[in-house]
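So you know, we letter chains A, B, ... as the sequences are listed, proteins then strands, and number each from 1.
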Number of protein chains: 2
Amino acid sequence: MSIDKSLLTGSTTTLILKLLEEKDMYGYEMIETLANKSDHTFDLKAGTLYPILHGLEKKELVESYEKKADNDRLRKYYHLTKKGKNLLKEKKEEWTIFSNAVNSVLNGGFSYASI
Amino acid sequence: MSIDKSLLTGSTTTLILKLLEEKDMYGYEMIETLANKSDHTFDLKAGTLYPILHGLEKKELVESYEKKADNDRLRKYYHLTKKGKNLLKEKKEEWTIFSNAVNSVLNGGFSYASI
DNA sequence: TCTTTATATATAGATTATCTATATATAAGT
DNA sequence: ACTTATATATAGATAATCTATATATAAAGA
């Protein structure tokens with residue numbers, strides 16, 4: 001089953017930052033890695049990713065540098081900045097709060113206030 | 001801490017359908033209930049909810065009827081149709097798949113494929 | 001009594017994130 | 001030779017939600 005893509009809205013940036021926390025990566029690599037780690041739930045399109053990366057760089061959340069692969073191919077690597085790490089931390093917390101809130105509505109129907 | 005609202009994109013409809021699975025409700029009641037159940041993580045705006053309800057009715061996922069409250073005030077109640085119940089079931093499954101996928105990227109970095 | 005806040009629904013227009021489509025270029029496989 | 005995979009990029013379309021605004025009544029407070 002494939003999921004409604006609009007669910008991803010708001011999470012894509014978090015996922016990208018998380019990948020870069022582990023190691024520097026180039027765009028195409030991120031798409032592949034996300035697809036693998038999510039069992040193809042995330043099949044990010046190139047046309048989605050690259051503009052996001054440019055935006056992250058502009059906000060100084062990532063830095064880029066070019067490096068040649070073994071096959072002499074030029075790749076653009078992205079590196080997470082200190083600022084990016086801080087944002088990632090926040091985004092992780094947001095995700096926890098959000099997913100807990102959704103779960104509490106979907107499973108149970110109890111109210112936090114009633115605890 | 002308040003969360004980035006764009007996270008909600010794609011989940012709002014699911015949450016509304018879930019509320020209606022439990023009982024018929026009117027719009028304003030849904031906003032209040034969602035806020036309570038989510039500890040105010042979801043503070044849905046009226047301008048967001050009502051157009052969504054109209055859309056759901058058009059797609060025959062909900063039906064509406066008017067009923068007077070004790071104070072003689074007219075309220076528009078919404079009822080989940082069979083079609084709406086089926087969609088809710090699908091949406092719940094999508095949420096599970098999606099949230100598992102996000103968690104597997106954020107926590108660990110292991111790949112499904114490697115299990 | 002007057003004013004503000006809460007209840008209740010509704011629509012227009014703006015914003016934003018992501019998607020589709022398209023473009024370019026090289027490497028590898030058939 | 002042709003197709004698929006690798007690799008990056010941008011323009012324009014789409015879709016979901018937001019803000020702002022409007023209307024109307026009830027309740028609460030000054």
Side-chain angles (χ1 to χ4, degrees), chain A residues 2-17 24-36 38 41-59 61-62 64-78 91 94 98 102, chain B residues 2-17 24-36 41-59 61-62 64-78 91 94-95 98 102:
Chain A
S2 67
I3 65 157
D4 178 358
K5 286 163 191 167
S6 67
L7 274 172
L8 248 169
T9 304
S11 305
T12 312
T13 295
T14 309
L15 296 173
I16 294 168
L17 293 178
D24 293 3
M25 279 194 190
Y26 55 98
Y28 198 85
E29 190 183 7
M30 296 178 204
I31 293 172
E32 301 264 289
T33 307
L34 272 182
N36 287 336
S38 70
T41 297
F42 307 139
D43 270 318
L44 209 59
K45 298 301 178 297
T48 305
L49 178 63
Y50 291 109
I52 290 174
L53 290 176
H54 302 157
L56 292 177
E57 193 167 19
K58 211 170 193 171
K59 289 182 206 152
L61 300 163
V62 301
S64 72
Y65 58 93
E66 294 192 324
K67 207 172 110 184
K68 276 190 179 175
D70 293 339
N71 52 15
D72 235 40
R73 219 183 171 116
L74 205 59
R75 288 166 176 165
K76 199 165 171 182
Y77 281 83
Y78 288 88
K91 288 287 175 188
E94 285 188 33
F98 169 69
V102 172
Chain B
S2 67
I3 65 158
D4 179 358
K5 286 163 191 166
S6 67
L7 274 172
L8 250 169
T9 304
S11 304
T12 312
T13 296
T14 309
L15 296 173
I16 293 168
L17 295 178
D24 291 5
M25 280 194 188
Y26 55 97
Y28 198 83
E29 190 183 8
M30 295 179 205
I31 292 173
E32 302 265 288
T33 307
L34 271 183
N36 288 335
T41 296
F42 307 138
D43 269 319
L44 210 59
K45 299 299 177 296
T48 305
L49 178 64
Y50 291 108
I52 290 174
L53 290 175
H54 303 157
L56 292 176
E57 192 166 21
K58 211 169 196 175
K59 289 183 207 154
L61 299 163
V62 301
S64 71
Y65 57 94
E66 294 193 324
K67 209 172 111 184
K68 275 190 179 173
D70 294 339
N71 52 15
D72 236 41
R73 213 180 178 123
L74 205 59
R75 288 167 176 166
K76 199 166 172 183
Y77 281 82
Y78 287 88
K91 289 286 177 190
E94 285 188 31
W95 166 255
F98 168 69
V102 172

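Here dT9(C) presents its C1' atom at 14 Å from OH of Y77(B), a figure rounded to the nearest Å. One can place CE of M30(A) at 17 Å from C1' of dT18(C), the figure rounded to the nearest angstrom. The separation between Y50(B) atom OH and dA12(C) atom P is 17 Å, rounded to whole Å. Across the protein-nucleic acid pair, L7(A) atom CG and dA17(C) atom C1' stand 14 Å apart, rounded to whole Å. Regarding M25(B), its CE atom lies at a distance of 12 Å from the P atom of dT9(C), rounded to whole Å. One atom, CD1 of I52(B), and another, P of dA16(D), lie 9 Å apart when rounded to the nearest Å. Put simply, CG on D43(B) is 15 Å from C1' on dT19(D), counting in whole angstrom units. One atom, CD1 of I31(B), and another, C1' of dA6(C), lie 13 Å apart when rounded to the nearest Å.
As judged by a 4.0 angstrom heavy-atom cut-off over every strand, G47(A) is placed among the base-contacting residues. Counting any heavy atom pair closer than 4.0 Å across all strands shown, L49(A) reaches no nucleic acid atom. Across all strands, T12(B) comes closer than 4.0 Å only to sugar-phosphate atoms, never to a base (heavy-atom distances).
In the set dT10(D), dA8(C), dT9(C), dT10(D) carries the atom at the smallest distance from any side-chain atom of P51(A). When distances run from any side-chain atom of L44(A) to the nucleotides dT8(D), dT11(C), dC19(C), the shortest one goes to dC19(C).
At the phosphate of dA7(D), neither OP1 nor OP2 sits under 4.0 Å from any side-chain N or O atom of K45(A). The shortest distance between the side-chain N/O atoms of S6(A) and the OP1/OP2 oxygens of dA17(C) is not below 4.0 Å. An OP1 or OP2 oxygen of dA8(C) is reached within less than 4.0 angstrom by a side-chain nitrogen or oxygen of Y26(B). Within the 4.0 Å cut-off from OP1 or OP2 of dT11(C), at least one side-chain nitrogen or oxygen of H54(B) is found. In this model, the phosphate group of dT14(D) is not approached by any side-chain N or O of K5(A) to a distance below 4.0 Å at OP1 or OP2. Taking side-chain N and O atoms only, T9(A) has no distance below 4.0 Å to OP1 or OP2 of dT16(C). Between R73(A) and dT6(D) there is no side-chain N or O to OP1 or OP2 distance below 4.0 Å. Between K68(A) and dA7(D) there is no side-chain N or O to OP1 or OP2 distance below 4.0 Å.
Formation of a donor-acceptor pair under 3.5 Å by the S38(A) side chain with backbone atoms of L34(A) is found in this model. No side-chain donor-acceptor contact under 3.5 Å links E32(B) to the backbone of E29(B). In this structure, the side chain of K5(B) does not engage the main chain of I3(B) through any donor-acceptor pair within 3.5 Å.
Using bins of under 30°, 30° to 60° and over 60° for the plane-to-plane angle, the ring pair Y65(B)/Y77(B) lands in the parallel bin.
Toward the 5' end of DNA chain C, the nearer of the two residues T48(B) and E32(B), judged by each one's closest nucleotide, is E32(B).
In this structure, OG1 in T48(A) is found 9.5 Å from CG in L8(A), a value given to the nearest 0.5 Å.
The shortest non-hydrogen separation linking S11(A) to F98(B) is OG-CZ, 3.8 Å.
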